[in-house]
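Just below is one structure, and these are the notes that go with it.
Per chain, numbering begins at 1; letters A, B, ... match sequence-line order.
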Number of protein chains: 2
Amino acid sequence: MEQPDLRRAGLKVTGPRLKILDILANEAVGGHLSAEDVYRRLIDAEQDIGLGTVYRVLSQFEAAGLVTRHHFDGETAVFELNRGEHHDHVVCMDCQRVEEFTDEAIESLQSAAAARLGFEIVDHALILYGRCRREACPHRRRAG
Amino acid sequence: MEQPDLRRAGLKVTGPRLKILDILANEAVGGHLSAEDVYRRLIDAEQDIGLGTVYRVLSQFEAAGLVTRHHFDGETAVFELNRGEHHDHVVCMDCQRVEEFTDEAIESLQSAAAARLGFEIVDHALILYGRCRREACPHRRRAG
DNA sequence: TTTGCTGCAAATGCTTTGCATGTAG
DNA sequence: CTACATGCAAAGCATTTGCAGCAAA
């Protein structure tokens, strides 16, 4: 099921690539993994794959359109398997949880705003930073 | 005119800080400078201020709410003097030009989308990536 | 085989920090 | 005088890259 994706992308089907693809695919929707995250999971799964390879493979996947790279904070990039549909993100500032959403109205307003400025939009990043209401979220313990 | 800002922020009024504030203030709207950019302008202005200090001062300014740090690409942060009003950004992928805009409708749709997911929005980043129609823009020379 | 992949370690680029010295308040 | 700033160089991170050995096609 994943091998064709790799072939289509012009990438050889190798253990590391399959395994990394697998890790990304088994992530729940809204699960965004940093290279380190992927690396740790590989170690947990007894896979002997170097961090350098993880970066290389993730970059190749990105170039091939298999994954998308996000920069929710300015430091560490996180990767997400492309499931076809575009979406935006809400990130909880306390527990780092990420939720995804789409809003057609926002999308078209964006294009309109850009057109007004003489830009033709190729891509966009809309990230909302806030606090979620989840029980487990740290700020509920702090401030109530 | 700038000294009160520094005092209010609990920062001593020093040459480097005034000069950096000055550089940011003299930037046109839509001008976003990286630490290196600021540093280069300091050198051009014969100011002997280290790059480390530039970073330190910019971070302090950010903490004080005097400037905002953006990550248009995942690599280099750019800084912008806070002029009070919130706005979003359109970045030209070819010439790096940045334009600013505000759209009330988008803002409220964002809050609504977040609320639907159980988030209370604190901040957001909306960055549109596209191509501008400016004569000087590189892609016009490439593709016509 | 041949081309492309991997592991490892070294290199890179941005940003932060430690420390001794200097200066605003 | 004292607390805080600065310059400089070293350290820190995330990420990329060079290279020699290895594996997919």
Protein N or O to nucleotides 18-20 of chain C N or O, pairs below 3.5 Å:
residue: C/dG18; atom: O6; partner: B/Arg56; partner atom: NH1; Å: 3.2

Counterpart residues, side chain to side chain donor-acceptor pair (under 3.5 Å), relative to [X] (two or more places apart):
{"X": "B/Glu62", "result": "B/Arg69"}
{"X": "B/Asp123", "result": "none"}
{"X": "A/Arg56", "result": "none"}

| request: For B/Lys12 and for A/Ile49, locate the closest nucleotide of DNA chain C by heavy-atom distance; then report the residue assigned to the nucleotide nearer the 5' terminus. | output: A/Ile49
| message | Need to verify one output field. Residue with the more 5' nearest nucleotide on DNA chain C, B/Val78 or B/Gly15? | response | B/Val78
| message | Please tell me if A/Thr53 has a side-chain N or O lying less than 4.0 Å from either OP1 or OP2 of C/dC5. | response | no
| When you check the phosphate oxygens OP1 and OP2 of C/dT15, does a side-chain N or O of B/Tyr55 lie under 4.0 Å from one of them? | yes
| message | Considering every strand and a 4.0 Å limit on heavy-atom distances, what is the contact class for A/Ser59: base, sugar-phosphate, or nothing? | response | sugar-phosphate
| query | In whole angstroms, how far is the P atom of C/dT6 from the NZ atom of A/Lys19? | reply | 15 Å
| CG of B/Leu51 versus P of C/dT16: gap in Å, rounded? | 10 Å
| field | Proximity to DNA chain C (any heavy atom under 4.0 Å), residues of residues 61-77 of chain B only | value | B/Arg69, B/Glu75, B/Thr76, B/Ala77
| query | Does a donor on one side chain and an acceptor on the other come within less than 3.5 Å for A/His87 and A/Glu80? | reply | yes
| Any side-chain donor paired with an acceptor under 3.5 Å for B/Asp88 and B/His124? | yes
| task | Step through the shown structure and confirm whether more than 12 heavy atoms of other residues, nucleotides or ligands are within 6.0 Å of CD on A/Gln96. | result | yes
| said: Going by the rule side-chain contact (heavy atoms from CB on, under 4.5 Å), which residues pair with A/Leu117 if we only count those two or more places apart in sequence or in a different chain? | reply: A/Phe119, B/Val90, B/Glu99, B/Phe101
| Pairs touching residues 8-37 of chain B that satisfy ring pair (Phe, Tyr, Trp, His ring centres under 6.0 Å), sequence neighbours left out | B/His32-B/His70, B/His32-B/Phe72, B/His32-B/His89
| Inter-end axis angle, the helix from C/dT1-D/dA25 to C/dG25-D/dC1, with every axis fitted to five base pairs (rounded, 10 degrees) | 40°
| message | Just verifying a value: how many Å separate B/Asp73 CG and A/His71 NE2, rounded to the nearest 0.5 Å? | response | 7.5 Å
Got a list of protein N/O to nucleotides 9-12 of chain C N/O distances below 3.5 Å?
none

| query | Tell me the side chain to side chain donor-acceptor pair (under 3.5 Å) pairs involving residues 44-55 of chain A, sequence neighbours left out? | reply | none
| request: Check every nucleotide of DNA chain D for an atom under 4.0 Å from a heavy-atom of chain B, then give the first and the last such nucleotide from 5' to 3'. | output: D/dA3 to D/dC8
| field | Salt-bridge present (A/Glu27, A/Arg41; N to O < 4.0 Å) | value | yes
| said: Counting only heavy atoms and a strict 4.0 angstrom limit, can you tell me which residues of residues 38-47 of chain A come near DNA chain D? | reply: none
